[in-house]
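Okay, structure first, notes after.
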Amino acid sequence: MDVFALFSARIGNAMQVLFPQAGADLLARIVVEPPRDPAHGDLSTNAAMVVAKPLGMNPREVANTLVEHFRHDADVTSVEVAGPGFINFRLAAPIWHQVLRSIAELGDDYGRSTLGQGEAVNIEYVSANPTGPMHVGHTRGAVFGDTLASLMAYSGYEVTREYYINDTGGQTITLGRSALLRYREALGETIEIPSGFYPGDYLIPVGQALAAEHGRSLLDMPEHEAALIAREKALAAMMDLIRADLAQLNIHHDVFFSERTLHGAGGDIELTLAWLREMGMIYEGRLEAPKGKTPDEWEDREQTLFRATDYGDDVDRPLIKSDGSYTYFAADIAYHRNKFLRGFKHMINVLGADHSGYVKRLQAATKAVSLNAADMDVRICQLVRLLKNGEPFKMSKRSGDLVTLADVVEEVGADATRFMLLYRRNDAAMDFDFAVVKEQTKDNPVFYVQYAHARTHSIFKTAARDLPALDVSRSALAAADIERIATPAELDLVRVLAAWPRTVAAAAVAHEPHRIAFYVHELAAAFHGFWAKGKDDPQLRFVNFDDPMLTLARLALVDAVRQVILNALAILGVSAPEELS
RNA sequence: GGUCUCGUAGCUCAGCAGGAUAGAGCACCGGAUUCCUAAUCCGGGGGUCGUGGGUUCGAAUCCCGCCGAGAUCACCA
């Protein structure tokens with residue numbers, strides 16, 4: 001149950017009855033939300049202010065009419081007009097008790113919704129080039145995309161997690177040639193790796209595998225042929241490497257889409273270009289050189305262009321290179337048409353900061369190939385600056401100067417990595433300080449939240465120790481006399497729990513998983529705060545020797561907190577240990 | 001030069017599809033431990049929300065100009 005949704009509906013209905021002259025579009029602007037200042041009550045609505053002016057009425061007059069309507073509502077203890085025309089509600093205890101029952105009943109599903117109405121969403125993230133292990137730069141987008149996918153799935157969307165493999169083009173040839181050098185090395189030659197090649201150690205096993213499989217036979221064929229064989233081996237090995245890296249953060253994709261399958265005669269690129277041509281979205285023309293910074297090798301030539309400007313892009317985009325092959329973007333248009341034809345009307349791409357210039361053309365492509373039937377949201381993850389005690393930090397174990405994802409996970413663990421990366425908005429650059437992340441104090445939000453969860457379990461242990469006769473099974477908790485939850489401090493905690501469904505829905509709509517991280521931190525704080533009240537006032541302790549029934553009711557509250565923390569951490573992909581060592 | 005993102009307390013950041021006196025953590029100051037894990041809690045000081053306009057009953061939030069920081073700019077993927 002979502003109290004805000006409940007009252008939003010009730011207030012909407014009341015307004016419709018009381019002010020039939022107000023249109024549906026006007027009523028849609030009414031918001032029911034928790035006031036920023038808790039002193040103003042539990043719920044607040046702007047209904048009167050929204051409606052007043054268009055109806056030529058005084059806001060307070062409208063408000064008073066609505067207040068009269070709710071004055072005798074049993075679920076409302078007080079309702080009053082405030083400020084310029086806000087209406088503040090204070091809800092009766094039974095409403096909060098219903099929230100607790102609802103959490104117990106729904107369990108893992110408390111917060112789950114049908115917001116997405118089962119619509120298919122394709123979320124593409126990571127899509128790192130298969131030329132080496134994952135580095136930190138990829139990690140933020142990987143965690144963000146994975147969590148967004150979980151969030152959307154939890155909110156009723158049919159989510160497909162997709163990875164686009166760039167397994168064609170010049171860099172893959174370079175990869176093949178680099179692997180070939182390692183092959184020679186495996187055969188006993190002393191090699192030197194020229195600049196422009198991939199120098200990382202991670203290609204050594206690929207060279208060894210090639211030697212084991214082919215003996216010396218690759219040496220007898222032309223380099224470019226041997227490189228193609230080496231390329232296949234290397235690509236497969238790199239994808240295995242990347243999958244293993246992602247698995248360390250519990251990130252998995254449903255679909256690995258190979259760019260290569262788009263190419264070739266009768267392939268998607270060819271079909272898409274033919275279709276675009278038919279639709280008049282392609283023409284032959286010239287582009288102006290970019291102003292300010294003219295590339296050295298700029299060549300003014302007539303080329304095949306996609307009318308991206310018709311769909312909001314800044315310039316039209318080339319589709320065919322001077323050597324006759326397709327541009328990367330041509331493949332990307334075909335790829336997004338492929339997504340659309342697979343039934344996705346909602347697409348989300350998670351990209352790194354270096355792709356910010358790519359957003360408009362991607363959206364243009366999506367609009368064009370779907371004839372405006374699909375939407376594309378591009379979430380840019382800004383840079384992560386690695387620090388150690390405030391100093392810029394570099395580690396390198398596996399690949400040149402880069403800090404790898406595996407390095408980070410090894411250093412701070414998967415939970416901390418995920419949580420810290422999610423405890424920021426995606427579109428702001430962030431610092432990631434290893435020293436802080438490794439700390440096990442309240443300065444570290446991961447441990448703060450996990451500790452709150454562990455504490456809920458610890459309370460149950462205490463209860464079992466101190467009141468061994470008390471039945472605290474699931475069914476006993478469900479039958480607890482929940483009305484005993486009545487002090488203001490307890491109800492404040494329930495209020496935080498009540499905000500969970502609303503928080504999830506808002507985060508899903510906005511595509512902002514960080515809100516989940518902030519919420520669960522807030523819930524942990526509310527819980528720790530209530531726990532500490534038991535120090536000053538033993539009556540507020542969860543476990544009360546003299547009153548087993550009150551204890552049981554309080555344990556039901558603790559269980560609800562446990563459940564909601566668990567639900568939030570599940571979306572974030574962070575584990576919820578029952579005790580911290 | 002174009003485009004995109006960001007600019008909120010000394011520091012790191014929230015601010016929920018414009019709302020009522022702008023919040024949290026760190027740091028700083030002062031408290032709480034015979035008692036459910038002090039891995040925690042309570043209190044205090046500290047901000048012209050970069051800046052100037054505009055829209056609105058109402059702007060940190062939306063629009064425009066300017067200043068500053070970062071990213072990016074055909075034929076790489």
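If you're wondering where the values come from, they're calculated on a predicted model, not measured in any experiment. Chain A is the first sequence line, chain B the second, and so forth, proteins listed ahead of strands; every chain is numbered from 1. Just so it is clear, the values below take in all heavy atoms, side chains as well, and ignore hydrogens, waters and symmetry mates.
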Qualifying residue for salt bridge (Lys or Arg N to Asp or Glu O under 4.0 Å) with A:Glu490, from A:Arg554, A:Arg484, A:Arg495, A:Arg541:
A:Arg554
Could you run through RNA chain B and flag its stems, i.e. three or more consecutive Watson-Crick or G-U pairs with both distances under 3.5 Å?
B:1-7 with B:67-73, B:10-13 with B:23-26, B:28-32 with B:40-44, B:50-54 with B:62-66
Which atom pairs link the protein and nucleotides 19-24 of chain B when you take only N or O atoms and keep those under 3.5 Å?
from	atom 1	to	atom 2	distance (Å)
B:rA20	OP2	A:Arg36	NH1	3.3
B:rA20	N6	A:Ser44	OG	2.9
B:rA20	N6	A:Asn88	OD1	2.9
B:rA20	N1	A:Asn88	OD1	3.2
B:rA20	N1	A:Asn88	ND2	2.9

Selected nucleotide, minimal atom distance to [X] side chain, candidates [options]:
X        : options                : result
A:His528 : B:rC41, B:rU37, B:rU12 : B:rC41
A:Arg301 : B:rA77, B:rC75, B:rU40 : B:rC75
A:Lys321 : B:rG70, B:rA17, B:rC76 : B:rC76
A:Arg502 : B:rA71, B:rC16, B:rU3  : B:rC16
A:Tyr358 : B:rC16, B:rA77, B:rC75 : B:rA77
A:Phe518 : B:rA71, B:rA77, B:rC13 : B:rC13
A:Leu287 : B:rC75, B:rA74, B:rC4  : B:rA74
A:Tyr328 : B:rA77, B:rC4, B:rA39  : B:rA77
A:Phe542 : B:rC36, B:rA77, B:rC41 : B:rC36
A:Lys535 : B:rA77, B:rC36, B:rC41 : B:rC36

Would you mind telling me which residue lines up with the more 5' stretch of RNA chain B, A:Asp323 or A:Phe530, judged by nearest nucleotide?
A:Phe530
Can you work out whether A:Ile380 or A:Pro318 has the more 5'-proximal nearest nucleotide on RNA chain B?
A:Ile380
Taking atom [atom1] in both [N] and [M], what distance in whole Å separates the two?
N      : M      : atom1 : result
B:rU61 : B:rG18 : P     : 12 Å
B:rC41 : B:rG25 : P     : 9 Å
B:rU51 : B:rC11 : C1'   : 23 Å
B:rG68 : B:rC49 : C1'   : 16 Å
B:rU21 : B:rC6  : C1'   : 28 Å
B:rA9  : B:rG45 : C1'   : 11 Å
B:rG47 : B:rU8  : C1'   : 8 Å

Out of the candidates A:Ile333, A:Asn338, A:Asp332, only one should pair with A:His336 under the side chain to side chain contact (heavy atoms under 4.5 Å, CB included) rule; please name it.
A:Asp332
Rounded to the nearest Å, what distance is computed from the [atom1] atom of residue [X] to the [atom2] atom of nucleotide [N]?
X        : N      : atom1 : atom2 : result
A:Leu557 : B:rC36 : CG    : C1'   : 14 Å
A:Asp431 : B:rC13 : CG    : C1'   : 11 Å
A:Asp316 : B:rA74 : CG    : P     : 15 Å

Going by atom types only, do A:Asn426 and A:Gln382 share a side-chain donor-acceptor pair under 3.5 Å?
no
Please determine, by modelled atom types, if A:Asp377 and A:His511 share a side-chain donor-acceptor pair under 3.5 angstrom.
yes
Can you name the residues that form a salt bridge (Lys or Arg N to Asp or Glu O under 4.0 Å) with A:Arg385, not counting sequence neighbours?
A:Asp431
Listed partners of A:Asp300 passing salt bridge (Lys or Arg N to Asp or Glu O under 4.0 Å), at least two apart
A:Arg286
Would you please confirm or rule out a distance under 4.0 Å between OP1 or OP2 of [N] and any side-chain N or O of [X]?
X        : N      : result
A:Arg455 : B:rA38 : yes
A:Lys533 : B:rC41 : no
A:Ser458 : B:rU37 : yes
A:His514 : B:rG15 : yes

Using a 4.5 Å cut-off on heavy atoms from C-beta on, say whether the side chain of [Y] contacts that of [X].
X        : Y        : value
A:Thr45  : A:Phe7   : no
A:Phe518 : A:Tyr423 : yes
A:Met239 : A:Leu235 : no

Distance-only donor-acceptor hits, side chain of residues 167-175 of chain A, under 3.5 Å, sequence neighbours excluded:
from	atom 1	to	atom 2	distance (Å)
A:Asp167	OD1	A:Ser258	OG	3.4
A:Asp167	OD1	A:Glu259	N	3.3
A:Asp167	OD1	A:Arg260	N	2.8
A:Asp167	OD2	A:Ser258	OG	2.5
A:Gln171	OE1	A:Asn129	ND2	3.3
A:Thr172	OG1	A:Gly169	O	2.7
A:Thr172	OG1	A:Arg231	NH1	2.8
A:Thr174	OG1	A:Gly170	O	3.2

Could you check whether A:Tyr335 and A:Tyr164 have their ring centres less than 6.0 Å apart?
yes
Other residues, nucleotides, ligands: >12 heavy atoms within 6.0 Å of A:Glu288 CD
no
Relative to A:Phe4, does A:Arg502 satisfy both conditions: NZ or CZ under 6.0 angstrom from the six-membered ring centre, and within 45 degrees of the ring's axis?
yes
Provide a list of protein-nucleic acid N or O atom pairs under 3.5 angstrom, restricted to nucleotides 5-8 of chain B.
from	atom 1	to	atom 2	distance (Å)
B:rU5	O2'	A:Asp427	O	2.6

